[in-house]
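Chain letters run A, B, ... following the sequence lines, proteins first, then strands; residues in each count from 1.
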Amino acid sequence: MGTDIAGDGEPSSPPPLPVPDGLDDNGFPLPSSPTAATAATSFADDFYRSGTDWSSLLAAPSPPPSSEESGKNKSGDSLVQRSLFQAWGIDRRPRREEEVAGVAGGAGAGASSAPSGSWPGRKRRRGGEVEAAADRKPLACPFYKKIPGTPFTVDAFRYGAVEGCNAYFLSHFHHDHYGGLTKKWCHGPIYCTALTARLVKMCLSVNPEYICPLELDKEYVIEGVSVTLLEANHCPGAALIHFRLGDGKKYLHTGDFRASKSMQLYPLLQRGQINLLYLDTTYCNPKYKFPPKEDVIDFAVRTAKRYLQKEPKTLIVVGAYSIGKENVYLAISKALQVPIYTDASRRRILHAFGWSDLSKMICSDSQSSSLHVLPLSSLRHENLQKYLETLKQRFLAVLAFRPTGWTFSEETGNQLDLIKPSSRGKITIYGVPYSEHSSFSELREFVMFLRPQKVIPTVNVGNAASRDKMQAHFREWLKGL
DNA sequence: GCGATCAGAT
DNA sequence: CACATCTGATCGC
């Protein structure tokens with residue numbers, strides 16, 4: 001964790017003498033404190049899920065609290081930050097048990113798997129019983145989605161109105177990040193890239209007046225804070241979000257991203273400039289190794305060519321979720337000079353990217369294309385067998401690619417040619433390590449280059465062991481600062 | 001009927 | 001494994 005060498009703030013070694021209200025002298029929640037058991041448990045759990053030691057934030061001049069002050073104090077005057085709960089807009093009054101249970105049980109997966117919640121008036125089914133829950137409040141927004149000293153949140157749409165939040169940032173258009181954005185949205189402006197804004201307008205029924213597109217690489221002043229979106233190298237439209245506060249503090253929220261060498265050229269990401277880094281830690285474990293995207297694409301293209309040579313009537317299939325992985329099939333399309341077929345709903349979305357390179361390859365006739373894009377979930381042998389049946393007039397075999405980040409670790413990680421497909425009859429499926437999240441070594445290089453004062457992991461923070469491991473990595477990477 | 005949400009599956 | 005849905009059931013309007 002940042003510059004801190006172990007210390008009392010570590011979740012694994014709580015202070016020996018907890019103060020009565022479950023907070024330490026600095027207003028930190030105390031993990032596993034007997035006195036905090038009932039009242040502050042959910043807060044403490046939530047807090048320590050971030051796996052972060054906050055002492056340097058306290059030591060430094062602090063941003064103004066956003067909840068009590070309604071985020072209107074933009075002067076940059078250093079208020080003394082007595083309670084991080086206040087600074088983060090977290091209400092530390094005790095909650096009813098059902099809420100505590102909801103938070104404790106659901107908040108585990110971090111930014112990319114936000115906790116689910118119950119809303120006022122909803123009923124929840126438990127063990128066959130229907131439990132009335134008329135007065136249950138929406139789940140609280142986890143603190144790691146709030147940007148301290150600002151009235152901002154990132155990817156926090158499923159918590160209703162977040163106290164103190166006047167501007168809601170959306171890092172990219174994946175469901176686990178935009179979840180909660182519906183036509184009922186009325187809690188404030190939504191800032192995102194122009195591409196993400198188009199997708200939100202097309203696919204969700206959010207009142208367009210709330211949608212505020214921002215250009216990449218352009219500085220905007222929002223609520224007195226300078227904000228710049230940067231290409232995140234994740235899915236189309238995904239952004240890193242850079243905040244520069246009135247007091248000079250600089251925060252980077254990576255959303256979901258794949259760190260790359262070219263990010264080291266961004267003027268805003270020069271060494272030592274970032275005070276606080278919210279990091280996509282999806283693959284922050286040395287077991288996750290995978291090659292550069294280019295190598296994987298090259299492998300897929302070579303493999304496709306080889307199969308087509310052997311059997312010219314081969315249908316190439318690439319699996320994909322909603323958005324992301326486009327370059328896998330676009331590269332095949334270009335290399336083989338074949339159009340891309342996919343269903344109408346995906347065509348609509350792909351065209352909305354505004355990428356002419358991609359748009360001009362898309363076709364709407366499955367018979368006239370030997371390259372099809374299908375939902376990842378349908379890439380199974382029985383499914384593809386059936387699919388082939390429907391196209392048997394033109395195709396005799398299927399070669400499918402399943403792009404994913406986690407399939408390949410350790411052994412096969414850097415040895416693409418060791419990848420063995422799964423074959424049954426005329427169906428061949430290759431899992432390929434095409435990841436849109438950073439590998440462990442890419443994360444390490446990014447963090448070591450950036451040298452932030454503090455790192456907040458946003459994924460895999462629900463488990464103490466994994467949290468501690470990530471902390472140890474950050475400490476190692478940033479030691480000697 | 002339709003949209004939203006949840007648990008569970010993949 | 002963990003990603004990012006997807007499915008099917010339920011709930012509310």
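Going from atom CD of A/E436 over to atom C1' of C/dC3 covers 11 Å, rounded to whole Å. A/Y178 has its OH atom 14 Å from the C1' atom of B/dT5, to the nearest Å. If you take CZ of A/F290 and P of C/dA2, they are 13 Å apart, rounded to a whole angstrom. Per the geometry, OH belonging to A/Y159 stands 18 Å off P belonging to B/dA4, to the nearest Å. Spacing between atom CG of A/D280 and atom P of C/dC3 amounts to 8 Å, rounded to whole angstrom units. Between A/K469 atom NZ and C/dA2 atom C1' there is a gap of 15 Å when expressed in whole angstrom units. In this structure, the CZ atom of A/F157 is 14 Å from the P atom of B/dT5, given to the nearest Å. One interatomic measurement links the two molecules: CZ of A/R346 to C1' of C/dT5, which rounds to 11 Å at whole-angstrom precision.
Taking CG of A/L396 as the reference point, atom CG of A/L315 lies at 11.0 Å (rounded to 0.5 Å).
Distances from the side chain of A/P375 to the nucleotides C/dC3, C/dT5, C/dC6 place C/dC6 closest. The nucleotide whose nearest atom lies closest to any side-chain atom of A/T182 is, among C/dA2, C/dA4, B/dT5, B/dT5. Each of B/dT10, C/dC3, B/dA4 was ranked by its minimum atom distance to the side chain of A/Y321; first place goes to C/dC3. With B/dG3, C/dA2, C/dA4 as the choices, the nucleotide that has an atom nearest any side-chain atom of A/K183 turns out to be B/dG3. Closest approach to the A/K184 side chain among C/dA2, C/dA4, B/dA4 is made by B/dA4 (side chain taken as heavy atoms from C-beta onward).
Checked against the 6.0 Å centroid threshold, A/F446 and A/F257 count as a close aromatic pair. The ring of A/F157 has its center no closer than 6.0 angstrom to the ring center of A/Y178.
Among the protein residues, A/S322 comes within range of the sugar-phosphate backbone only, with heavy atoms under 4.0 Å from sugar or phosphate atoms but none that close to a base. Residue A/H234 is in sugar-phosphate contact alone, with no base atom involved, counting any heavy-atom pair closer than 4.0 Å across all strands shown.
Ion pairing of A/D280 with A/R258 is absent here, as no side-chain N (NZ or NE/NH1/NH2) approaches a carboxylate O to less than 4.0 Å. In summary, A/D298 and A/R302 engage in a salt bridge, as defined by a charged side-chain N under 4.0 Å from a carboxylate O.
For the OP1/OP2 pair of B/dT10 and a distance below 4.0 Å, the side-chain nitrogens and oxygens of A/S377 include no atom meeting the criterion. For the OP1/OP2 pair of C/dC6 and a distance below 4.0 Å, the side-chain nitrogens and oxygens of A/H175 include no atom meeting the criterion.
Between the side chain of A/Y288 and the base of C/dC1 there is no donor-acceptor pair of N/O atoms closer than 3.5 Å.
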